[in-house]
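These notes concern the structure reproduced below.
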Amino acid sequence: MQQLLSPTISYPSPLLHLTSHPFPPKPHFCPTHRLSFYPPPKMASFSGFLAKSQMGMTAAAAAGDGANGFSSLMDYVGKGGLDVGDDLLVLLYHIQFACKRIAALVASPFNSALGKHSALTGATSGAAASDRDKPKPLDVVANEIILSSLRNSGKVSVMASEEDDAPIWINDDGPFVVVLDPLDGSRNIDASIPTGTIFGVYNRLTELDNQPTEEKALLNSLQSGRKLVAAGYVLYSSATILCASFGSGTHAFTLDHSTGDFILTHPSIRIPPRGQIYSVNDARYFDWPEGLRQYIDTVRQGKGKFPKKYSARYICSLVADFHRTVLYGGIAMNPRDHLRLVYEANPLSYLAEQAGGKGSDGKSRILSIQPVKLHQRLPLFLGSLEDIDELESYGDVQQKVNPGYEV
């Protein structure tokens, strides 16, 4: 009874090291201190990774119950499933570990306190031309978490992030290049709106190895989306969902908080060829070009090629709007030159195509566009194949002017 009345409670946090205490102490932040996030031990071989991975498997996965939907992420993409190769498997292990840390960070009661320390916003982004796009404290911390995990993996030569002006050269021997948006939608965290991480993986261009470091880092990061070997996003919402493709379909895994495993819940996702939902900021209707207004007017009246009235659903979180579109069909769009080709449009378009959908800038296939700048922006339309084709037939759907608000 005494134990029930006076419990000793531990309050874990991704930001703080708190000792056990009946009440949580006030957090103490040191803005000048470089945060450490305890990445998993570096594993240079698959045998070392496998031993670590098997420790975390669910009982069902360990028993080979993948046929009933209980395969872990590591099980499914490993030798018993897709067999993506040892190097990519180890890299994925470190990426998913980092995203678990970010999921805990996003859900932590202490993240609002972190946001009050402006010194953590010292990182700059080449994409940040306005206050709207300046890095937020949580963006910076999420970036640090992923960079730490990628360094520790030993499998990454270059990381290119929305939060950094230029790509970071990590390892001369790393076989992969990783591009990412560490925390998309972070400005909505205080309202508990879903956020996400987006990532893409390329092979390192070995023919550039003799070039100066800065040059080869940039050129490795500016590969065409057609050369992606893997891409994914992690949705931080009521559930934490990792959706990824390795060139053989798009698959989603849901985090089981009781075991710490991502469990296969949506194998081989297929975007419906037609949806009945469009996702866009309707408040900008009168700023849109004529073609886009005509398209939206037509489909919401049920007068398009699909004779049903479309509904509007808009979260203003790219990962969340795209995730819903992947499952239900339709279009998620931003007609402005706003979203980034390298680490948003390319990975998500890759996932869409692997699920039978399409990614377009309103005129061209996203994956056919050659990036020329790391933080290059463009309009983005993602979703059902037939819906995207119908949208493109209206011609003038890219919003090139932004009256009354910044990009």
Side-chain angles (χ1 to χ4, degrees), residues 95 99 102-103 106 162 179-189 193-201 225 228 230-246 249-254 265-266 268-282 310-336 338-362 365-367 369 377-389 391-392 397:
I95 289 175
C99 290
I102 295 172
V106 169
E162 178 184 354
V179 297
L180 63 102
D181 182 349
L183 194 57
D184 175 76
S186 61
R187 66 181 179 274
N188 294 322
I189 282 180
I193 293 173
T195 55
T197 296
I198 304 170
F199 64 90
V201 180
L228 281 162
Y233 63 81
V234 180
L235 174 68
Y236 310 113
S237 185
S238 55
T240 299
I241 297 175
L242 189 156
C243 185
S245 177
F246 305 91
T250 296
H251 317 279
F253 305 78
T254 302
T265 50
H266 299 77
S268 302
I269 297 171
R270 301 302 293 174
I271 300 176
R274 279 281 181 184
Q276 204 175 335
I277 297 172
Y278 72 89
S279 177
V280 70
N281 186 355
D282 270 327
Y310 280 45
S311 298
R313 298 286 187 274
Y314 183 58
I315 302 171
C316 193
S317 173
L318 177 59
V319 171
D321 282 317
F322 179 65
H323 182 69
R324 183 196 56 248
T325 304
V326 166
L327 296 182
Y328 303 146
I331 302 183
M333 65 181 93
N334 191 322
R336 296 178 292 148
H338 179 68
L339 297 173
R340 285 76 167 188
L341 172 60
V342 171
Y343 39 80
E344 291 175 324
N346 269 338
L348 297 184
S349 295
Y350 181 82
L351 290 166
E353 289 196 7
Q354 287 291 320
K358 188 174 181 179
S360 171
D361 68 351
R365 177 191 180 212
I366 291 292
L367 298 186
I369 300 172
R377 297 174 183 263
L378 79 176
L380 182 59
F381 302 86
L382 296 162
S384 297
L385 183 61
E386 293 178 16
D387 284 316
I388 297 286
D389 286 344
L391 170 78
E392 289 178 335
V397 297

Subject >> Residues forming a ring pair (Phe, Tyr, Trp, His ring centres under 6.0 Å) with Tyr236, sequence neighbours excluded >> reply: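 Listed in chain order: nothing, the list is empty.
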Original post:
Can you name the ring pair (Phe, Tyr, Trp, His ring centres under 6.0 Å) partners of Phe253, sequence neighbours left out?
Top reply: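 In terms of ring pair (Phe, Tyr, Trp, His ring centres under 6.0 Å), with neighbours along the sequence ignored, Phe253 is linked to Tyr76.
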Given side chains that start at C-beta, do those of [X] and [Y] come closer than 4.5 Å, heavy atoms only?
{"X": "Leu327", "Y": "His266", "result": "yes"}
{"X": "Leu351", "Y": "Leu382", "result": "no"}
{"X": "Asp361", "Y": "Ile366", "result": "yes"}
{"X": "Cys243", "Y": "Leu235", "result": "no"}
{"X": "Ile198", "Y": "Leu318", "result": "yes"}
{"X": "Asp282", "Y": "Val280", "result": "yes"}
{"X": "Thr325", "Y": "Ile277", "result": "no"}

Donor-acceptor pair, side chain of [X] and main chain of [Y], under 3.5 angstrom:
{"X": "Asn334", "Y": "Leu339", "answer": "no"}
{"X": "Arg324", "Y": "Arg313", "answer": "yes"}
{"X": "Tyr310", "Y": "Gly275", "answer": "yes"}
{"X": "Ser317", "Y": "Pro194", "answer": "yes"}

What closest approach, in Å, do [X] and [Y] show between heavy atoms, and which atom pair accounts for it?
{"X": "Ala252", "Y": "Ile241", "answer": "CB-CG2, 4.0 Å"}
{"X": "Ala231", "Y": "Tyr350", "answer": "CB-CD2, 3.6 Å"}
{"X": "Val342", "Y": "Val179", "answer": "O-CG2, 3.6 Å"}
{"X": "Leu367", "Y": "Ser349", "answer": "CD2-CB, 4.0 Å"}
{"X": "Pro272", "Y": "Ser384", "answer": "O-OG, 2.6 Å"}
{"X": "Pro347", "Y": "Phe199", "answer": "CB-O, 3.5 Å"}

Mind checking the [atom1]-[atom2] spacing from [X] to [Y]? Nearest 0.5 Å is all I need.
{"X": "Tyr278", "Y": "Leu391", "atom1": "OH", "atom2": "CG", "value": "12.5 Å"}
{"X": "Arg274", "Y": "Ile331", "atom1": "CZ", "atom2": "CD1", "value": "8.5 Å"}
{"X": "Arg187", "Y": "Ile193", "atom1": "CZ", "atom2": "CD1", "value": "9.5 Å"}
{"X": "Gln354", "Y": "Phe246", "atom1": "CD", "atom2": "CZ", "value": "11.0 Å"}
{"X": "Gln276", "Y": "Asp387", "atom1": "CD", "atom2": "CG", "value": "10.0 Å"}

**OP:** Classify the side-chain pair Asp184/Tyr233 by whether it contains a donor and acceptor separated by less than 3.5 Å.
**Re:**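 Their side chains do not contain a donor-acceptor pair, so the 3.5 Å distance test is not met.
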**OP:** Indicate whether any N or O donor in one side chain lies under 3.5 Å from an N or O acceptor in the other, for Ser279 and Asp321.
**Re:**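 Yes.
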**OP:** Could you walk me through whether Ile189 and Leu183 pass side chain to side chain contact (heavy atoms under 4.5 Å, CB included), step by step?
**Re:** CA-CA 10 Å; Ile189 282 180; Leu183 194 57; 3.8 Å; yes
Subject >> OH (Tyr314) with more than 12 external heavy atoms under 6.0 Å >> reply: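 Counting other residues, nucleotides and ligands, OH of Tyr314 exceeds 12 neighbours.
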**OP:** With sequence neighbours left out, write down each residue that passes side-chain hydrogen bond (donor to acceptor under 3.5 Å, both in side chains) with Glu392, or none if nothing qualifies.
**Re:**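 Checked Glu392 against side-chain hydrogen bond (donor to acceptor under 3.5 Å, both in side chains); matches are Lys358, Ser360.
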Original post:
So Val234 and Ile95, side chain to side chain contact (heavy atoms under 4.5 Å, CB included) or not? Walk me through it.
Top reply: CA-CA 10 Å; Val234 180; Ile95 289 175; 5.9 Å; no
